[in-house]
Amino acid sequence: MRVDLFDFDLPPERIALRPASPRDAARLLLLDGPRTADARVRDLPALLKAGDTLVFNDTRVIPAQLDGRRGDAKVGVTLHKREGARDWIAFVRNARRVRPGDRIDFADGVAATAGERGEDGSLRLSFLGDEPVETLLARAGRMPLPPYIAARRAPDAADAADYQTMFAAEPGAVAAPTAALHFTPDLMARLDAAGIGHETLTLHVGAGTFLPVKADDTADHRMHAEWGRIDAAVADRLNGKRAAGGRIVAVGTTSLRLLESAAGDDGRLRPWEGDTAIFITPGYRFRAVDGLLTNFHLPRSTLFMLVSALMGLDRMKAAYAHAVADGYRFYSYGDASLLLP
């Protein structure tokens with residue numbers, strides 16, 4: 001499909017720079033079959049059904065942005081995907097000044113050696129020394145706010161908590177699974193009381209999630225791989241819930257993409273561990289999920305293509321036009337939508 005089919009107008013003032021407070025006070029646009037309704041995230045216990053299961057991504061965002069120098073040249077690094085104990089694939093600002101074998105020095109004695117360059121312009125970085133890379137990043141890195149927020153304000157101490165979900169347990173993401181940012185312990189308790197269960201999986205979100213689609217046709221776009229895992233016990237419980245008539249509702253496109261990667265043609269989930277580069281566009285047959293809770297996405301993005309695949313392109317364009325006109329807040333710190341085809 002032509003990428004320009006997924007374009008829409010979004011006024012800059014609709015981009016949220018801070019999250020709602022409390023988190024579950026965020027607005028929620030409900031698309032339930034043909035019905036559209038305005039609600040709040042805190043209304044979820046009444047919008048879902050007993051027997052439904054929400055699936056969360058328990059990845060934890062790491063301080064994945066670093067400022068460094070290669071000689072006299074300043075370079076900015078955004079880590080993307082881990083490749084072993086000390087190696088990361090990274091996107092580098094001012095990368096033309098860095099050659100394989102060069103040393104990049106960051107703050108507080110942290111350094112890395114540049115390796116080979118990928119076809120997408122990324123670089124392999126090997127962190128030097130004996131300390132765990134996690135320790136080095138905690139010392140020299142900072143929280144990787146999305147570029148559409150970072151361009152309008154600097155990260156601050158509040159982001160360290162605001163850009164982390166209550167489920168964050170497995171370090172490795174360089175972007176938050178933002179749909180889960182709306183959940184609070186109180187909301188989870190009310191969902192549980194309503195008979196709505198939850199499970200977790202892990203998908204370490206990479207920096208590729210922020211890269212624009214440069215191709216003119218979706219067939220020519222290449223997704224970046226991300227590592228994920230679904231445990232056998234989780235897969236079995238989700239299969240059982242669905243067999244009993246419950247719906248599986250992914251919280252966030254990251255959870256959805258991993259569930260669909262792990263599902264067979266029969267719709268049953270299998271244990272999964274490895275890389276996925278699944279790219280979901282209209283025409284895709286969903287196998288593992290019955291719904292999605294997600295934030296509002298960028299024009300022409302792979303994520304807007306995904307929600308259009310789930311609900312239909314015309315339906316999503318109309319829904320987004322309503323959201324823009326009615327003052328919904330967009331992107332990572334913005335409001336949410338519950339999509340039930």
Side-chain angles (χ1 to χ4, degrees), residues 1-11 14-16 27-39 47 55 57 146 148 175 177-180 182 203 205-206 208-224 226 247-261 263 267 276-326 328-332 334-341:
M1 298 180 70
R2 296 199 326 271
V3 170
D4 61 9
L5 292 173
F6 300 92
D7 204 1
F8 57 89
D9 292 326
L10 181 69
R14 290 289 177 265
I15 300 173
R27 299 181 69 188
L28 179 72
L29 182 62
L30 172 67
L31 275 64
D32 187 356
R35 183 167 72 100
T36 300
D38 299 303
L47 300 177
V55 183
N57 184 357
Y148 41 77
T178 53
H182 301 294
L203 182 76
V205 191
T209 190
F210 298 128
L211 294 180
V213 177
K214 296 181 179 179
D216 293 326
D217 194 282
T218 58
D220 298 322
H221 177 68
R222 175 178 169 272
M223 291 286 284
H224 288 83
E226 297 167 314
R247 296 178 297 182
I248 305 303
V249 179
V251 179
T253 56
T254 62
S255 295
L256 183 149
R257 291 176 63 243
L258 189 56
L259 288 166
E260 289 296 319
S261 298
T276 179
I278 189 171
F279 182 24
I280 295 175
T281 58
Y284 178 85
R285 183 177 68 85
F286 288 86
R287 299 171 294 183
V289 303
D290 306 293
L292 170 67
L293 189 142
T294 186
N295 284 17
F296 292 94
H297 303 295
L298 281 73
R300 303 169 69 105
S301 66
T302 62
L303 303 183
F304 185 64
M305 294 172 192
L306 184 154
V307 296
S308 297
L310 184 66
M311 301 299 295
L313 178 57
D314 291 343
R315 180 90 164 97
M316 289 311 303
K317 280 196 164 184
Y320 272 45
H322 168 82
V324 169
D326 206 40
Y328 277 76
R329 302 161 71 247
F330 274 62
Y331 303 167
S332 294
D335 296 318
S337 59
L338 176 59
L339 310 179
L340 300 170

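Below, all heavy atoms of this structure are taken into account, side chains as well, without hydrogens, waters or symmetry copies.
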Inset, instruction - Working to the nearest 0.5 Å, report the span between CE of Met305 and NE2 of His221. - result: 7.0 Å

Inset, instruction - Check whether any side-chain heavy atom of Leu303 sits under 4.5 Å from a side-chain heavy atom of Leu298, and report yes or no. - result: no

Legend entry - Over 12 foreign heavy atoms within 6.0 Å of CG, Asp216: no

Inset, instruction - Output yes when Asp326 and Arg27 qualify as a salt bridge under the 4.0 Å nitrogen-oxygen rule, no when they do not. - result: yes

Inset, instruction - State the CE-CG distance between Met1 and Asp217, to the nearest 0.5 angstrom. - result: 9.0 Å

Legend entry - Rounded distance (nearest 0.5 Å) linking atom OH of Tyr148 with atom OH of Tyr331: 7.5 Å

Legend entry - Between Ser261 and Thr276: side-chain donor-acceptor atoms closer than 3.5 Å: yes

Legend entry - Shortest non-hydrogen separation from Leu293 to Ala179 and the atoms involved: O-CB, 3.4 Å

Legend entry - Any donor-acceptor N or O pair under 3.5 Å, side chains His182, Asp335: no

Inset, instruction - Could you tell me the separation between the CG atom of Leu256 and the CG atom of Leu258, rounded to the nearest 0.5 Å? - result: 9.5 Å

Legend entry - Aromatic ring pairing Phe304/Phe6, orientation class (parallel under 30°, perpendicular over 60°, tilted between): perpendicular

Inset, instruction - May I ask you to decide if Asp290's main-chain N or O and Arg247's side chain share a donor-acceptor pair within less than 3.5 Å? - result: no

Legend entry - Centroid-centroid distance, Tyr284 to Phe286, less than 6.0 Å: yes

Inset, instruction - Sorted by first residue and then second, give each side chain to side chain donor-acceptor pair (under 3.5 Å) pair with at least one member in residues 302-320; sequence neighbours left out. - result: Thr36-Arg315

Legend entry - Pairwise distance CZ(Arg14) to CZ(Phe296) - rounded to 0.5 angstrom: 11.5 Å

Inset, instruction - Look only at the side chain of Ser332 and the backbone of Thr178, and say whether a donor-acceptor pair between them is shorter than 3.5 Å. - result: no

Legend entry - Which residues share a side-chain hydrogen bond (donor to acceptor under 3.5 Å, both in side chains) with Arg35, sequence neighbours left out: none

Legend entry - Exam field: side chain Glu226 to backbone Val205, donor-acceptor pair closer than 3.5 Å: no

Legend entry - Atom CG of Asp9 with >12 non-hydrogen neighbours under 6.0 angstrom: no

Inset, instruction - Using only heavy-atom distances, determine whether the side chains of Asn57 and Thr254 contain a donor-acceptor pair under 3.5 Å. - result: yes

Inset, instruction - Side-chain contact test, heavy atoms from C-beta onward, threshold under 4.5 Å: evaluate it for Val3 versus Thr218 and give yes or no. - result: yes

Inset, instruction - Answer whether the closest heavy-atom distance between the side chains of Leu10 and Phe8 falls below 4.5 Å. - result: yes

Inset, instruction - Could you tell me whether a side-chain N or O of Arg257 sits under 3.5 Å from a main-chain N or O of Ile278, the two making a donor and an acceptor? - result: yes

